[in-house]
Amino acid sequence: MTHPLVPQIIELATPVAEELGLEVVGIVFHTNQRPPVLRVDIRNLQQDTGLNDCERMSRALEASLDAAEIIPDAYVLEVSSPGISRQLVTDREFISFKGFPVTISTSPPYDGQQEWIGHLIRRDETTVYLNQKGRVVEIPRSLVTRVQLDERH
């Protein structure tokens, strides 16, 4: 379950990231840790996300969070990049990673399989298209639970 402060933090972090040429791709607030850990995943839109991007975002976001005072107690801010082994979510990601190896998980299983490995062709409103050794597999989007880049292949 998403922590109730996460939407406010996203609202605050998104313009901060955009000013730096970055994009917020995920925020998780781990309140079960002491002190709690706020993890912000970012991506550089122009190039591979580097440590410098994480440091710039960390400094800028920390200042904004402190000024907004939306997190009442002490916490640890972690800014990182999810790297290449991550889920594809947005239309832009599906376009950017066309031809890349992916693993598609379905629930319930589709055509007797719960995991499909191949190269991403595209997705449209109803279907994710996968190339499996030259054969096109059409998987209904309603059954897809995740599409993950697969760097093993």
Side-chain angles (χ1 to χ4, degrees), residues 1-33 36-62 64-65 76-153:
M1 192 173 111
T2 304
H3 188 278
L5 287 177
V6 166
Q8 285 176 271
I9 296 167
I10 290 172
E11 210 172 282
L12 188 79
T14 300
V16 170
E18 284 170 358
E19 260 180 50
L20 301 171
L22 306 170
E23 177 183 47
V24 173
V25 291
I27 293 182
V28 182
F29 198 18
H30 299 283
T31 53
N32 57 338
Q33 295 172 306
V37 175
L38 177 62
R39 182 188 160 115
V40 179
D41 285 337
I42 59 160
R43 178 173 56 209
N44 187 313
L45 300 174
Q46 271 70 53
Q47 61 196 32
D48 287 345
T49 310
L51 197 55
N52 181 38
D53 295 317
C54 296
E55 287 171 9
R56 290 183 312 135
M57 180 64 180
S58 182
R59 275 197 297 277
L61 182 57
E62 194 168 24
S64 296
L65 285 168
V76 174
L77 175 62
E78 279 181 9
V79 176
S80 62
S81 166
I84 196 90
S85 69
R86 68 168 193 282
Q87 287 188 72
L88 303 185
V89 179
T90 65
D91 288 337
R92 189 167 82 223
E93 288 172 330
F94 275 85
I95 293 164
S96 298
F97 292 102
K98 176 184 177 188
F100 278 69
V102 293
T103 301
I104 298 176
S105 304
T106 60
S107 183
Y110 173 66
D111 216 10
Q113 281 182 243
Q114 200 155 5
E115 209 172 73
W116 297 80
I117 296 172
H119 288 82
L120 180 65
I121 298 173
R122 65 185 170 92
R123 81 169 177 186
D124 59 26
E125 300 303 312
T126 59
T127 311
V128 177
Y129 299 87
L130 192 64
N131 179 339
Q132 285 191 322
K133 296 181 176 110
R135 186 173 68 94
V136 176
V137 178
E138 298 180 12
I139 303 169
R141 267 182 78 169
S142 59
L143 302 179
V144 172
T145 54
R146 71 190 284 155
V147 177
Q148 176 117 8
L149 288 174
D150 188 348
E151 69 259 327
R152 295 170 304 182
H153 296 95

Hey, does [Y] have a side-chain heavy atom less than 4.5 Å from the side chain of [X]?
X      : Y      : result
Phe94  : Val147 : yes
Val76  : Gln33  : no
Ile117 : Pro101 : no
Val128 : Leu120 : yes
Ser107 : Gln114 : yes
Asp53  : Leu20  : no
Leu143 : Pro108 : yes

I need the single residue from Thr127, Asp111, Thr106 that forms a side-chain contact (heavy atoms from CB on, under 4.5 Å) with Ile139. Which is it? Thr106
Determine the minimum heavy-atom distance between [X] and [Y], stating which atoms define it.
X      : Y      : answer
Asp41  : Ser80  : OD1-OG, 2.9 Å
Gly118 : Gln132 : CA-CG, 4.3 Å
Cys54  : Ser81  : SG-N, 4.0 Å

Partner set under side chain to side chain contact (heavy atoms under 4.5 Å, CB included) for Ala13, not counting sequence neighbours: Val24, Ile27, Met57, Leu61
Where do Phe97 and Val102 land on the side-chain contact (heavy atoms from CB on, under 4.5 Å) test, with the steps shown first? CA-CA 9 Å; Phe97 292 102; Val102 293; 5.8 Å; no
Got a second to check how far [X]'s [atom1] is from [Y]'s [atom2], nearest 0.5 Å?
X      : Y      : atom1 : atom2 : result
Glu93  : Ser96  : CD    : OG    : 7.5 Å
Leu38  : His30  : CG    : NE2   : 9.0 Å
Leu130 : Ile104 : CG    : CD1   : 4.5 Å
Leu77  : Phe29  : CG    : CZ    : 10.0 Å

Verdict with reasoning, Asp91 to Arg123, per side-chain contact (heavy atoms from CB on, under 4.5 Å): CA-CA 8 Å; Asp91 288 337; Arg123 81 169 177 186; 2.8 Å; yes
How would you list, by chain and number, every residue that makes a salt bridge (Lys or Arg N to Asp or Glu O under 4.0 Å) with Arg59, sequence neighbours excluded? none
Look at the side chain of Thr103 and the backbone N and O of Glu115, then say whether any donor-acceptor pair between them is shorter than 3.5 Å. no
Looking at residues at least two apart in the chain, or sitting in another chain, which of them share a ring-ring contact (aromatic ring centres under 6.0 Å, His included) with Tyr110? Trp116
In short, salt bridge (charged side-chain N to carboxylate O under 4.0 Å, His left out) pairs touching residues 96-108 with sequence neighbours left out are none
Residue pairs passing the salt bridge (charged side-chain N to carboxylate O under 4.0 Å, His left out) test where at least one lies in residues 131-142, sequence neighbours excluded: none
Residue pairs passing the side-chain hydrogen bond (donor to acceptor under 3.5 Å, both in side chains) test where at least one lies in residues 10-24, sequence neighbours excluded: Glu23-Arg43, Glu23-Arg92
